[in-house]
Every structure is written in structure tokens, then in C-alpha cells.
Amino acid sequence: MQKKHLFLALLVTALWGLNFPITKLGLASIDPLLLTALRFTLAALPWVFLVPRPPVAFAWLAAYGLIFGVAMWALINLGIDHGVAPGTAALLIQFSAFFSLGWGVLLFGERLRLQQVLATAIALWGLLRIIGDSPGHATSLGYALLLVSAFSWSVGNVIIKRCGVREVFAFVVWASLFAPLPLLALTWISHGAAPFLQLAGQVSAGAALSLMFQVYAATLFCYWGWNLLLREYPVSRVAPLSLLIPVFGMAGSVLILGQRLGAEEGISMGLILLALAVGQFDWRRLITLGRRSL
């Protein structure tokens, strides 16, 4: 991976990690489904009038928008609202990396190197350690919602590869157009008119800033950057980089929400970083350079 793309991946994962505790601030005063609907409304408007539609079928845009907005982020917000700590939510969504590796093998004929298999095993160990050491405040439903969301993200990655879109920013903008209406309908079905009536009087400055971060940093910029990486590199090479998100998510939860990070969580995040080093570093090139220097 080129250095500029590696830097982009680090920036995207950092912003995504911070997005989890920042989203928690928005959920303090806005219904989770309505918050997601507002996020994707602002991600689509007014941009669809300024950015030409990418030359892909509407079916691809609709599928990605529904998966991206409803099956992924709405479930993340609901999971956090059900008591899953933002740092743990950032962690659970990273199971998408393992689903994506499987899709890469099954659908795109990608081959996993031995170091990728080893890295996956180490990362899975780290992920399961953090889940096992979680304080237990979250409901089983909250955990289940996050795991379904992780699977949905992996499907979204497949759509990006399958449709072959090159105009990734336009793709995110136009796909976002398909999420708000289903989310608004689900909000009404779940809670009636109450969330809409309470919106104007309950939105704090912190919730408004949270929404702006979700729209412009976590959605428009980050998904442009992530989909660009998926366009340029195999899914099996890009997906494991998302394992950095819980590291930034945990750090953000400590700084923004005052969440305490224990020694066990530190060890588990260390395992995730080790997995990234094993999976992403070009060990064969290092060995070759070492032999040449002898």
C-alpha cells in the first residue's frame, strides 16, 4: 500500500473511532433512528444537486444506501442506545473485517496468505478478550445489533467491489439519498410523533456538533476515503485496517466520555495492533532485503 493511502487509512480509522463516543453525545437528546435519518439526509442534501450521479445502476445505489444507513448505522446507534459502551461498539463492528476476508475469498478469488490467517487469529483473540472483559451493562440485544451491523458493513464492501464505481464521493452522496425515508418511517412506527415533536426543544449544542461530525467527517469524508481504498486494493488487504477503529474508539471514549481503560483492555488492544503489524507488513520484502545485506 502506498504511503499516501496508508496515511488516508489511518486518518479514516481515527475519525471513525472518534465517531463512536461523539455519536453517544448525540444520542443523549435525539432518538437513535431519527439521528441516523438526520445524518443521511444532510449527507445527501444539498450535495445530490451539486454532484453528478455516478455511472452505476440505481440498484447499486439503493442497495448500498439501505445497507449503509439502515442495516449498519441505525443498528450501531440502536446498540449504543441499548447500553453498549461506545468503545465496545467500535470493537464489535470490527467483526466486519473477518466477514470481509471471507467475502474476498468466496466472491473475488482472493487468497489469504499465511500471515493474514495468523493476523486474523491474533485479532480475533484480542476482540474476544475485550468482549469477555466488558462490564456487562449492555443487553444481549445490543450486542446482537452490533454484530448484524458488522455483517452489513462487509456486504457494503462487496457492493463497492462489485459495482466497480470510480466516483466514490458521488457514490456515497447519492447512496445516502436512499436511507432517510426508511429511517423516518421506522422512527414513526417505533415511537410515533414524539421524537419529531421533541427534536426542536431537546437538541443541545453538543448534539448538533455530534450530528455535524457524523455527517461531514464520519460519512462524507471517511466513506469517500474507505471506498477509494477498496477501489485500489483487494478487500482482504483493506478490511483488516478497520481493526484500528476500536483502538481510536477506546481512546476517544476515555478522552470525551471519561471511560476508564483497564489493563486487560490495554493488552487486548495491543493484540489488535500486533495483528495489524503481522497482516499488513511486507515480511517477505524484509527477509529479501536481509538476505541481500548479508
- Message: Are more than 12 heavy atoms, taken from residues, nucleotides or ligands other than Phe196, located less than 6.0 Å from that residue's CZ atom?
- Response: yes

- Look only at the side chain of Ser176 and the backbone of Phe40, and say whether a donor-acceptor pair between them is shorter than 3.5 Å. no

- Side-chain donor/acceptor of Ser210 to backbone N/O of Ile22, under 3.5 Å: yes

- Message: If you apply the rule side-chain contact (heavy atoms from CB on, under 4.5 Å), what do you find for Trp47 with Leu50, and how did you get there?
- Response: CA-CA 5 Å; Trp47 307 107; Leu50 304 174; 4.1 Å; yes

- First locate atom CG of Leu229, then atom CG of Leu6, and finally report the distance between them rounded to the nearest 0.5 Å. 9.0 Å

- Task: Report yes or no: do Phe49 and Leu177 belong to one cluster of Ile/Leu/Val/Met/Phe/Trp/Tyr joined by side chain heavy-atom distances under 4.5 Å?
- Result: yes

- Task: For the pair Phe221 and Tyr216, evaluate side-chain contact (heavy atoms from CB on, under 4.5 Å) and give the outcome as yes or no after the intermediate values.
- Result: CA-CA 6 Å; Phe221 175 77; Tyr216 297 108; over 6 Å; no

- Query: Checking ring-ring contact (aromatic ring centres under 6.0 Å, His included) against Trp16, which of Trp73, Phe213, Trp153 comes through?
  - Reply: Trp153

- Message: What's the separation between atom CG in Asp81 and atom CD1 in Ile76, rounded to the nearest 0.5 Å?
- Response: 13.5 Å

- What is the distance from atom CG of Leu75 to atom NE2 of His82, rounded to the nearest 0.5 Å? 10.5 Å

- Query: Counting distance only, does the side-chain N/O of His191 pair as donor-acceptor with the main-chain N or O of Thr187 below 3.5 Å?
  - Reply: no

- Shortest non-hydrogen separation from Pro195 to Leu34 and the atoms involved: O-CD2, 3.6 Å

- Query: Do Ile189 and Leu145 sit in the same hydrophobic cluster, where Ile, Leu, Val, Met, Phe, Trp and Tyr count as joined when their side-chain heavy atoms come under 4.5 Å apart?
  - Reply: no

- Leu244 side, atom CG; Phe248 side, atom CZ - distance, nearest 0.5 Å: 5.5 Å

- Approximate separation, where rounding is to 0.5 Å, of Leu211 CG and Arg39 CZ: 9.0 Å

- Would you indicate whether the side-chain heavy atoms of Trp188 and Leu33 approach each other to under 4.5 Å? no

- Task: Specify whether Phe171 and Tyr64 have parallel, tilted or perpendicular ring planes, treating 30° as the upper limit for parallel and 60° as the lower limit for perpendicular.
- Result: tilted

- Item | Non-hydrogen atoms of Ala89 and Val84 that approach each other most closely | N-CG1, 3.7 Å

- Message: How close do Val165 and Pro54 get, counting heavy atoms only, and between which atoms?
- Response: CG2-CB, 4.1 Å

- Cationic N near anionic O, under 4.0 Å, Glu167 to Arg231: no

- Validation row, ring centre Phe178 to ring centre Phe68 under 6.0 Å: no

- Query: Between Arg53 and Val48, is any pair of side-chain heavy atoms under 4.5 Å apart?
  - Reply: no

- Message: Is there a continuous path of hydrophobic side-chain contacts, each under 4.5 Å between heavy atoms, that joins Leu45 to Leu66?
- Response: yes

- Query: Donor-acceptor pair, Asn227 side chain versus Tyr223 backbone, under 3.5 Å?
  - Reply: yes

- Examine Leu141 and Val70 and state if one hydrophobic cluster contains both, with Ile, Leu, Val, Met, Phe, Trp and Tyr joined whenever side-chain heavy atoms are less than 4.5 Å apart. yes

- Heavy-atom nearest pair, Ile67 first then Ser152, reads CG2-O, 3.1 Å

- Can you list the steps and then say if Tyr233 with His5 is a side-chain hydrogen bond (donor to acceptor under 3.5 Å, both in side chains)? CA-CA 10 Å; Tyr233 299 96; His5 289 149; 2.7 Å; yes

- What distance do Leu183 atom CG and Thr41 atom OG1 have between them, rounded to the nearest 0.5 Å? 8.0 Å

- Please answer whether the main-chain N or O of Ile160 pairs with a side-chain N or O of Trp60 as donor and acceptor at a distance below 3.5 Å. no

- Message: In this structure, would Phe58 and Val173 fall into the same cluster of hydrophobic residues linked by side-chain contacts under 4.5 Å?
- Response: yes

- Query: Which atom names give the shortest non-hydrogen contact between Asn77 and Leu35, and what distance separates them?
  - Reply: ND2-CD2, 4.2 Å

- Check step by step if side-chain contact (heavy atoms from CB on, under 4.5 Å) holds for Leu199 and Leu38. CA-CA 11 Å; Leu199 183 62; Leu38 292 172; 4.1 Å; yes

- Task: Please report the closest heavy-atom contact between Leu146 and Gly79, naming both atoms and the distance.
- Result: CD2-CA, 3.5 Å

- Task: Go through the steps to decide whether Met72 and Val155 satisfy the test side-chain contact (heavy atoms from CB on, under 4.5 Å), and finish with yes or no.
- Result: CA-CA 10 Å; Met72 182 182 170; Val155 175; over 6 Å; no

- Answer whether the closest heavy-atom distance between the side chains of Trp226 and Val168 falls below 4.5 Å. no

